[in-house]
Structures are given as C-alpha cells and as structure tokens.
Number of protein chains: 2
Amino acid sequence: MKASRRLPASERRAQLIEVGRAAFARYGYEGTSMEKVADSARVSKPVIYEHFGGKEGLYAVIVDREMDYVVRRIVEAIATGTPRERVEQASLAFLTYVRDQPDGFAILSQDSPLTATRGRLSSLLNDLAERVGHVFAASFKDAGYDPRAAPIYAHALVGMVTFVGKWWTDVRKPSVEEVAKHIGALAWMGLRHLPKKPTLQSRPR
Amino acid sequence: MKASRRLPASERRAQLIEVGRAAFARYGYEGTSMEKVADSARVSKPVIYEHFGGKEGLYAVIVDREMDYVVRRIVEAIATGTPRERVEQASLAFLTYVRDQPDGFAILSQDSPLTATRGRLSSLLNDLAERVGHVFAASFKDAGYDPRAAPIYAHALVGMVTFVGKWWTDVRKPSVEEVAKHIGALAWMGLRHLPKKPTLQSRPR
DNA sequence: CCGGGTTCTTACCGTTGCGTAACTTACTTC
DNA sequence: GAAGTAAGTTACGCAACGGTAAGAACCCGG
C-alpha cells in the first residue's frame with residue numbers, strides 16, 4: 001500500500017481528528033487505542049502525541065468541536081418562530097444532526113470517562129439540557145408555571161430526542177422529518193396542556 | 001484486617017454479585033477490573049472465575065438480574081388502572097427504582113459493551129422500550145392512530161424517563177413523586193392531545 | 001550539495017488486566 | 001485422626017495499551 005505521503009502539520013492534524021472521531025464513535029473512548037488510530041491514519045503513534053499531547057487531548061479536541069457544532073445547529077433552529085415552531089425545529093435540527101453526523105452523535109451520547117471524572121454527571125448532553133432548562137425557566141415564569149420544574153421538562157425533552165435518535169440510527173426507517181413531526185407533537189402537546197400544578201392520579205389500592 | 005471467612009458456594013456467589021454490581025455501577029464494564037472486584041470481596045481472583053467463568057459471565061449474571069427486577073416492577077405498575085394511571089405509575093415505578101437502586105440503574109443506563117458487540121443497539125433499555133412499543137402499538141390501533149408510530153413514542157417515553165432519572169440521581173432535589181407528577185403529566189398530556197396525523201408547522205424562511 | 005527545520009519511524013519501557021496452573025487450607029464424615 | 005472434598009491462595013503467562021527517547025527521512029533555501 002504505502003499510501004499516505006508526508007503532510008503539513010495542519011492537514012495531518014485535521015486528518016487525525018477525522019480518523020480519531022470515527023474510531024471513538026465506533027469503539028468508545030476506552031475501546032479506542034492510539035495504535036489503531038495511528039494505523040488508520042497510516043502514521044505512527046508519536047505523530048499523534050506530537051499534535052495532541054495524549055489520548056485525552058485528542059478526545060477533548062474532538063468532543064469540543066462536536067459540541068460546538070451541534071449547539072450551533074440547535075441555536076440556529078430556535079432563533080425565531082413561535083414557541084411551538086421552536087420546539088419542532090429543535091427536534092428536527094437534532095435529528096438531522098443524528099442522521100448526518102452519526103459518528104458525532106455516537107460520541108456525544110457515550111458516557112465520556114473524561115467529563116465523568118471531573119464533572120458529576122457523565123453525559124455531555126447534560127450541558128445541552130441545562131441550557132434548555134434556562135430557556136424553559138424564563139418561559140415558565142412568564143406563563144405562571146413553577147420555574148423550579150423547568151429542569152425536569154428540559155431533561156425530559158433532551159432525553160426524549162436523544163433516545164429516539166439513538167433508536168433511529170439503528171432502524172433508519174421513517175425519515176427524520178417524519179420522526180420530528182411525532183416528537184414535536186408529543187413534546188408540544190405535552191407542554192401546551194400542562195396543568196399548573198400537576199398531580200398524581202394515584203389509584204386506590 | 002483478615003475479615004472474611006470461608007463461605008459456602010451460594011453465599012460467596014451472592015456476595016460476589018453484590019460486590020461486582022457496585023463496581024460495575026461505579027466504574028463501568030471496562031473500568032472495572034477483576035482484581036478490584038476480588039479485593040472488594042476479600043477474596044482472590046480465581047474464586048470469581050470458579051463461579052462465573054470470566055468477566056463477561058459475572059457481568060451477564062448481574063445485568064440479567066437487574067433487567068428482571070426492573071421489568072417486573074414496571075409490569076406490576078402498569079397491570080391495572082386507566083391509561084393515564086398506567087403512564088403515571090410506570091414513571092413513578094421507574095423513578096422509584098432509580099432512587100432505590102442507583103447502582104442497578106447506573107449499570108442499565110451504561111452502554112454495555114457486551115450487547116453492543118453481538119446486538120446492534122447498545123442500550124439495555126432498548127429492550128424495555130421495545131416492549132413498551134408493543135403495548136403502544138395495540139392501543140394505537142384501537143384508538144385510530146398509526147401503529148407504525150408507536151415505537152417512536154415508546155422510545156421517546158423511555159428516553160425521557162431515563163434521562164430525567166440520570167439527572168435526578170445527581171441533583172436529588174424534588175422527590176421522585178414530585179418528578180413523576182411532572183413526567184407523567186408531560187407524557188400523558190402529550191399522548192392525550194396527539195393529532196392523528198402530526199404535521200410540522202414549518203416556518204417560512 | 002549542504003545546513004536547518006519539519007515530519008515521521010523504530011524500538012522500547014512500565015503498567016495493567018484477563019485468565020490459568022499448581023498448590024494449600026479448612027471443613028466434614030467415618 | 002485419616003481420608004476426601006469443598007474453598008481459596010500464590011504466582012505466573014501473556015497480550016494490550018499509553019507514552020517516550022533517539023534518530024532517520026524528507027524538503028527547501030542558499
């Protein structure tokens with residue numbers, strides 16, 4: 001073979017990110033070895049260490065880029081429109097991301113051992129949920145709902161879309177637009193008809 | 001120290017399951033070493049191999065028990081009552097499980113490398129979602145909704161509760177009953193007011 | 001064709017982790 | 001108390017992985 005030629009630093013760096021992203025997506029953080037990444041890039045290990053310092057460094061760069069990307073996509077989606085449209089567009093944006101960037105989504109939905117050690121909650125999607133929570137808290141206050149419940153709903157929505165996304169990558173059956181319709185409807189109708197003070201209809205036993 | 005005495009096979013086995021469960025919950029499958037499990041049980045490695053054959057064997061037994069347990073809890077919860085009560089009770093049952101069995105929940109919500117290799121989708125909760133999907137499909141048909149959309153909603157609900165559960169283990173702020181109220185309301189209201197044919201209110205650009 | 005910087009490789013170290021072979025210790029039963 | 005069985009230990013083999021030191025191959029201006 002002997003395919004790969006020598007590359008300038010910036011290109012090599014970009015290639016390593018690409019290759020590493022695919023590896024981390026497929027095998028997870030622990031399951032990915034530097035050897036494999038190096039081999040996939042047709043390069044020897046020290047090259048990676050030269051560029052990223054270590055495994056964590058490479059992973060951090062990849063995760064950072066991915067978070068930036070997906071957050072930007074969603075922020076764009078909810079920039080304008082009625083509340084309902086925003087919910088729908090956010091779902092659609094996320095599912096479109098899942099479809100177009102399955103590797104990125106796989107990385108984000110893995111429990112990353114890095115953030116798990118320093119942070120409390122492992123999931124990177126938690127950040128996203130927290131941001132949504134702040135948006136919700138404001139809307140809740142305006143609408144006369146208890147803002148302390150906002151995080152619950154925020155996490156519920158993120159979890160909903162995430163889990164459906166994970167499932168979708170497997171079955172790939174209805175189009176993301178179709179799925180987004182249903183998710184959007186469920187979320188919106190749920191929020192729209194929320195009682196101010198939810199109660200449990202606990203059944204008598 | 002020299003605390004642990006010799007135990008009969010069945011007790012040792014039970015103890016190893018308990019200890020292993022805690023370890024897998026805390027460090028994940030890959031992050032848990034047999035050495036650590038053995039040390040925690042005040043026993044040497046070959047004892048574990050005698051009982052479970054290997055790491056995968058131990059893990060399989062633990063996961064199997066856990067799935068049995070949680071499924072039984074939920075099946076009990078949705079055995080009787082109105083549809084709404086079932087949704088609420090299912091949420092409450094799951095969140096109660098999250099509260100009372102944080103280790104078990106941690107294990108189930110990890111991406112398990114074992115099922116990931118042989119199966120397609122990693123999550124063990126996927127099985128749960130699939131079962132819910134079947135229940136939904138029947139109800140959908142009766143109510144005049146498209147049963148092909150059932151899996152979407154099933155995964156949405158499971159993802160919702162799971163993600164909120166994960167978050168709850170971290171903050172532990174409102175009681176599970178309180179959280180279940182909101183989740184139940186969101187899910188129920190969403191399902192209740194679902195249009196037969198959801199559409200996207202795509203905004204004009 | 002020669003010096004200087006960049007890019008990359010070979011070869012290795014230390015550690016960790018799964019799994020096993022050979023042996024020892026304790027308990028029970030006659 | 002000896003024989004036999006159940007329970008457990010020590011010590012090791014072996015592979016994989018993260019990381020690094022030392023130097024080779026390449027490229028370009030002079």
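Each chain gets a letter, A, B and so on, in the order its sequence line appears, and its residues count up from 1. What you see below is based on every heavy atom in this structure, not just the backbone, and it leaves out hydrogens, waters and symmetry mates. All of these numbers come straight from a predicted model, not from anything done at the bench.
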**Asked** Which whole-number value in Å describes the distance from B/F52 CZ to D/dA7 P?
**Response** 13 Å
**Prompt:** What is the distance from CZ of B/R13 to P of D/dA7, rounded to the nearest Å?
**Reply:** 13 Å
**Donor-acceptor under 3.5 Å (A/R86 side chain, A/G81 main chain)** = yes
**Message:** Below 30° counts as parallel, above 60° as perpendicular, anything between as tilted: where do the rings of B/Y145 and B/F140 land?
**Reply:** tilted
**Request:** Specify the separation, in whole Å, of atom CE of B/M34 and atom P of D/dC12.
**Result:** 21 Å
**Asked** Taking atom C1' of D/dG23 as reference, at what distance in whole Å does atom CD of A/E50 sit?
**Response** 14 Å
**Message:** Taking salt bridge (Lys or Arg N to Asp or Glu O under 4.0 Å) as the definition, give me every residue that meets it alongside A/E178, ordered by chain and number, with sequence neighbours left out.
**Reply:** A/K181
**Message:** What contact category does A/P46 fall into here, base, sugar-phosphate, or nothing, at under 4.0 angstrom with non-hydrogen atoms?
**Reply:** base
**Asked** Tell me: CD of B/E11 to P of D/dA7, nearest whole Å?
**Response** 11 Å
**Prompt:** Is B/K45 salt-bridged to B/D39, going by a charged N under 4.0 Å from an acidic O?
**Reply:** no
**Request:** Give the rounded distance in Å between these two atoms: CD of A/Q15 and C1' of C/dT7.
**Result:** 13 Å
**Message:** Taking the basic N atoms (NZ, or NE/NH1/NH2) and the acidic carboxylate oxygens, is any pair closer than 4.0 Å for A/K166 and B/D111?
**Reply:** yes
**Prompt:** What does A/S44 touch in the nucleic acid at a heavy-atom separation under 4.0 angstrom: a base, only the sugar-phosphate, or nothing?
**Reply:** base
**Message:** Do the side chains of B/E76 and B/R72 get close enough for a salt bridge, i.e. N-O under 4.0 angstrom?
**Reply:** no
**Complete:** Quick note, A/Y49 side chain, CB onward, closest among C/dC18, D/dG8, D/dG19 is D/dG19
**Length of the CG-C1' vector between A/L16 and C/dC8, whole Å** = 12 Å
**Request:** Mind jotting down which residue pairs meet the side chain to side chain donor-acceptor pair (under 3.5 Å) criterion with at least one end in residues 46-65 of chain A? Sequence neighbours excluded, please.
**Result:** none
**Request:** Using atom CD of B/E35 as one end and atom P of D/dT10 as the other, report the distance to the nearest whole Å.
**Result:** 12 Å
**Complete:** The answer to which of B/K45 and B/S10 contacts DNA chain D further toward the 5' end, by nearest nucleotide, is B/S10
**Item:** Per-nucleotide protein contact string for nucleotides 23-30 of chain C (B base, S sugar-phosphate only, - none; heavy atom under 4.0 Å)
**Value:** --BSS---
**Prompt:** Taking atom types as they are modelled, is there a donor-acceptor pair under 3.5 Å from the base of D/dG19 to the side chain of A/K55?
**Reply:** no
